[in-house]
Amino acid sequence: IHTNSSLGNTSADFVLRAGAAAGNGAPITFTQTIPGGLSIPDNNARGVVASQTITQDLQIAGLQFRVDNLTHTFTGDLTIGLKAPNGYGTDLIYQRGIFINDGNGDNFNNTLIDDNASNDLNLSGSANAPYTGSWLPAFNSPIWSLFGIPNLSPDPVGQLGRLDGTSTQGVWRVRLSDHALIDTGKLNTWSLIVTPTNFTCSPIVGTPDLAIIKSASTTTATPGMPIT
């Protein structure tokens, strides 16, 4: 689109998604496997970032985040955040077990973060390692209601659900931070599981605005003479 005004001229590109929403499609998994693993700096709040680029332009109807394989000897040291291409980001795993003094527990294997989960990773202990299964995002956890602090409560909106209606296209980033000394680890594989919105397009059937009718009143034809 190009605009002209007294303030100057400007141009911008935009995309229109054609069609009508028609339910949801089958989930699609986007996975990044990091050769040799991505080392997580010990006791470093800035952490390290892994990223994967999704070229498909899908409208998100549902999103899950999965730590397929992460090795670490004290997972309660870790925060793991996700940042979408549109700039929205949040911590999905936040020093699990720290509030119940049980941050010990090795590794994350097939740890799925899901707005609709019932398990609370913040209340998990070392006995739950390697945390396989579905878990609530960190800030949807009921634990935030237990401190008796005014205005501190679980986010009523699913942390991943805030991305519903946005596009998958672009760079997705995962930030991993370690917040205590001694124990270290690596991120090996992580995934995004996207349920896309289906769209259908119906054919446009045109209606003629003008009809032309030709009639002939002559019943016989004479060679060389016109017919009307």
Side-chain angles (χ1 to χ4, degrees), residues 13-15 17 27-72 74-96 98 107-117 121-122 130-141 154-155 157-180 183-197:
D13 295 328
F14 66 94
V15 176
R17 195 179 297 278
I28 301 172
T29 301
F30 300 93
T31 298
Q32 182 191 39
T33 298
I34 303 168
L38 179 65
S39 295
I40 304 168
D42 192 29
N43 194 33
N44 185 326
R46 290 182 63 87
V48 67
V49 175
S51 62
Q52 65 168 307
T53 299
I54 297 177
T55 57
Q56 286 180 260
D57 180 14
L58 304 171
Q59 181 170 300
I60 298 171
L63 180 66
Q64 298 168 313
F65 170 77
R66 187 174 66 210
V67 182
D68 299 282
N69 185 266
L70 183 153
T71 57
H72 197 283
F74 199 96
T75 52
D77 287 354
L78 301 177
T79 57
I80 303 176
L82 177 68
K83 187 175 183 179
N86 70 349
Y88 168 78
T90 183
D91 284 330
L92 296 174
I93 296 175
Y94 185 85
Q95 294 185 267
R96 55 133 302 276
I98 190 172
N107 309 329
F108 288 124
N109 288 332
N110 292 320
T111 303
L112 182 73
I113 306 302
D114 181 356
D115 286 347
N116 297 314
L121 201 57
N122 287 345
Y131 311 101
T132 301
S134 299
W135 306 85
L136 284 169
F139 294 106
N140 294 125
S141 165
D155 191 332
V157 179
Q159 296 290 285
L160 292 167
R162 292 184 183 276
L163 289 166
D164 288 356
T166 65
S167 173
T168 56
Q169 192 173 60
V171 180
W172 293 79
R173 295 177 174 87
V174 172
R175 182 176 295 276
L176 306 104
S177 303
D178 183 301
H179 298 270
D183 295 273
T184 59
K186 293 182 178 182
L187 173 66
N188 299 299
T189 309
W190 64 281
S191 298
L192 295 170
I193 303 167
V194 177
T195 299
T197 302

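The CZ atom of F108 sits 6.0 Å away from atom CZ of R96, with the distance rounded to the nearest 0.5 Å. I60 CD1 to D164 CG: the interatomic distance, rounded to the nearest 0.5 Å, is 7.5 Å. Taken to the nearest 0.5 Å, the CD atom of Q32 stands 8.0 Å off from the CG atom of L38. For the atom pair CZ (F74) and OG1 (T184), the distance works out to 13.0 Å, reported to the nearest 0.5 Å. The distance from atom CD1 of I193 to atom CG of L63, rounded to the nearest 0.5 Å, is 8.5 Å. Taking NZ of K186 as the start and NE2 of H72 as the end, the distance is 12.5 Å to the nearest 0.5 Å.
Shown are T132, N69, D68; of these, the side-chain hydrogen bond (donor to acceptor under 3.5 Å, both in side chains) with N109 is made only by N69. Each of N107, L176, N188 was evaluated against L70; a single residue qualifies, L176, per the side chain to side chain contact (heavy atoms under 4.5 Å, CB included) test.
Among all heavy-atom pairs drawn from P154 and S141, the shortest one is CG-O, 3.2 Å. Heavy atoms only, all atoms of each residue included: A45 and S177 are closest at O-OG, 2.8 Å. Here the shortest heavy-atom pairing between A138 and N122 reads O-ND2, 3.2 Å. Closest non-hydrogen pair, A61 versus P196, comes out as CB-C, 4.1 Å. Closest approach of I34 to A50, counting heavy atoms only: CD1-CB, 4.1 Å. Between T31 and S191, the shortest heavy-atom contact is OG1-OG, 2.6 Å.
Using modelled atom types, one finds no donor on one side chain facing an acceptor on the other under 3.5 Å when comparing N44 with H179. Counting only N and O atoms by type, the side chains of T90 and Q159 include a donor and acceptor under 3.5 Å apart. Between Q52 and W172, the side chains place no donor N or O within less than 3.5 Å of an acceptor N or O (distance only, hydrogens not considered). With 3.5 Å as the limit, one finds no donor-acceptor pair spanning the side chains of D91 and T79.
Under the 4.0 Å criterion applied to side-chain N and carboxylate O atoms, R162 and D155 are assigned as salt-bridge partners.
Within the 4.5 Å cutoff, the side chain of L192 has heavy atoms near those of the F65 side chain. Residues D42 and D183 have side chains not in contact (no heavy-atom distance under 4.5 Å, counting atoms from C-beta outward). Two residues are said to be in side-chain contact when any heavy atoms from C-beta on lie closer than 4.5 Å; D114 and W135 fail this criterion.
Not one N or O on the side chain of T33 forms a donor-acceptor pair closer than 3.5 Å with the backbone of T189. In this structure a side-chain-to-backbone donor-acceptor pair under 3.5 Å is missing from D57 to S167. Here the side chain of D178 pairs a donor or acceptor atom with the backbone of A180 at under 3.5 angstrom. The closest donor-acceptor contact from the side chain of T71 to the backbone of G185 lies at 3.5 Å or more, if one exists at all.
Checked against ring-ring contact (aromatic ring centres under 6.0 Å, His included), F139 has the following partners two or more places apart in sequence or in another chain: Y94, W144.
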TODO: Mind running side chain to side chain contact (heavy atoms under 4.5 Å, CB included) on V194 and F30 for me, showing each step along the way?
DONE: CA-CA 8 Å; V194 177; F30 300 93; 3.9 Å; yes
Task: side chain to side chain contact (heavy atoms under 4.5 Å, CB included) between V67 and L92, worked out - done: CA-CA 11 Å; V67 182; L92 296 174; over 6 Å; no
Open item on the list: Does R66 form a side chain to side chain contact (heavy atoms under 4.5 Å, CB included) with T29? I'd like the steps, not just the answer.
Closed with: CA-CA 10 Å; R66 187 174 66 210; T29 301; 3.9 Å; yes
- [ ] Run the numbers on I93 and L78 for side chain to side chain contact (heavy atoms under 4.5 Å, CB included), then give the verdict.
- [x] CA-CA 7 Å; I93 296 175; L78 301 177; 5.6 Å; no
